[in-house]
Participant: 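One structure, pasted below without further comment.
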Amino acid sequence: MSTSDAPPDARRGRRPTAQTLGAGAAVLAALAVGHVVVTAFPVDERVQASFLRPAVVGEPVELRYARLTAGEPAGSTVLDPDDGSLLATPGVWLTVPLTIEATGQPRALGFAELIGGDGRTYLVFTGGRSSFLPGTAQPGIARYATLSVEVPPEALPGAHLRIGLEQKDQRREDVADIDLGLTRADADAWAADDTPVLAGPRSDEPPEQP
């Protein structure tokens, strides 16, 4: 069969139908939309991020696993860890009393860090000079503990304290972000004070008022 004898479709190639064109346009549109969505919302960052719950001193912050309230911060160049010893620092010992009320089941909070006004992050490691070890809070029973962290004076103005559940992993988890309300005047006064600040014991009993 010669080319001239072939059916018209064979000589010219099949012309795309309206249905084929419509399907191709739909695929291209879907790919374009998908690209826009991925570009606009970085998936990895969203999945990794904690859910920060802002609060200030004296204001309860509701977390998925507990209600947390930070009391008035105190500071000095000397810390009394309530074990018969005293710890001195060339910087400042910052202490923050915390009240923890577990929700649903017993909880042992294990994560703490200070976001300093100097732009640095100061992790509070249990067992080091800085300490956050509140023990297990039972539902319906308030748990009292004191966080202590050793920092340079310049870290204090504007500092935020972050408290969470898991020490090693805060992804997709509630984390309290507490503005401690500290100023340069606080930092200067504490850096010049050697009156020991007390890191009170963890307890289910309210701390004694001075």
Participant: With clusters defined by side-chain heavy atoms of hydrophobic residues (ILVMFWY) lying less than 4.5 Å apart, directly or transitively, does L68 cluster with Y144?
Facilitator: no
Participant: According to salt bridge (Lys or Arg N to Asp or Glu O under 4.0 Å), does anything in residues 57-70 pair up with another residue at least two apart or in another chain? List the pairs.
Facilitator: E62-R67, R64-E173, R67-E101
Participant: Over all heavy atoms of both residues, which pair between F111 and V175 is shortest? Give the atoms and the distance, please.
Facilitator: CE2-CG1, 4.3 Å
Participant: First locate atom OG1 of T136, then atom CG of L109, and finally report the distance between them rounded to the nearest 0.5 Å.
Facilitator: 10.0 Å
Participant: First locate atom CD1 of I178, then atom CG of L52, and finally report the distance between them rounded to the nearest 0.5 Å.
Facilitator: 11.5 Å
Participant: For P157, give me all partners under side chain to side chain contact (heavy atoms under 4.5 Å, CB included), at least two apart in sequence or on another chain.
Facilitator: R184, A187
Participant: Between atom CG of L86 and atom CG of D194, what is the distance when rounded to the nearest 0.5 Å?
Facilitator: 10.5 Å
Participant: Any chain of hydrophobic side-chain contacts (each under 4.5 Å) joining L98 to Y65?
Facilitator: yes
Participant: Determine all donor-acceptor pairs shorter than 3.5 Å in which one atom belongs to a side chain in residues 112-122; sequence neighbours excluded.
Facilitator:
{"unit_1": "D118", "atom_1": "OD1", "unit_2": "R120", "atom_2": "N", "d": "3.1"}
{"unit_1": "D118", "atom_1": "OD2", "unit_2": "Y122", "atom_2": "OH", "d": "2.6"}

Participant: Excluding sequence neighbours, so at least two apart, what forms salt bridge (Lys or Arg N to Asp or Glu O under 4.0 Å) with R53?
Facilitator: D174
Participant: Could you go step by step and tell me if V57 and L180 meet the side chain to side chain contact (heavy atoms under 4.5 Å, CB included) rule?
Facilitator: CA-CA 6 Å; V57 169; L180 297 177; 4.2 Å; yes
Participant: Between D188 and A185, is there a donor-acceptor pair closer than 3.5 Å when you use the side chain of the first and the backbone of the second?
Facilitator: no
Participant: Any salt bridge (Lys or Arg N to Asp or Glu O under 4.0 Å) pairs touching residues 76-100, not counting sequence neighbours?
Facilitator: none
Participant: Looking only at non-hydrogen atoms, find the nearest pair between G75 and D193 and report the distance.
Facilitator: O-OD2, 4.5 Å
Participant: With a 4.5 Å cut-off on side-chain heavy atoms, are V149 and L161 touching?
Facilitator: no
Participant: Residues sharing W93's hydrophobic cluster, by side-chain heavy-atom contacts under 4.5 Å among ILVMFWY, directly or via others?
Facilitator: L79, L87, V197
Participant: Please identify each residue that fulfils salt bridge (Lys or Arg N to Asp or Glu O under 4.0 Å) with E166, with sequence neighbours left out.
Facilitator: none
Participant: So, do L156 and D186 sit near enough that their side-chain heavy atoms are less than 4.5 Å apart?
Facilitator: no
Participant: Applying salt bridge (Lys or Arg N to Asp or Glu O under 4.0 Å), which residue pairs with at least one partner in residues 131-150 are found, sequence neighbours left out?
Facilitator: R129-E150, R143-D204
Participant: Going from CG on L165 to CG on L63, what distance comes out if it is rounded to the nearest 0.5 angstrom?
Facilitator: 9.0 Å
Participant: Does T103 have any side chain to side chain contact (heavy atoms under 4.5 Å, CB included) partners at least two apart in sequence or in another chain, and if so, which?
Facilitator: none
Participant: Just to verify, what does D177 make a salt bridge (Lys or Arg N to Asp or Glu O under 4.0 Å) with, not counting sequence neighbours?
Facilitator: R162
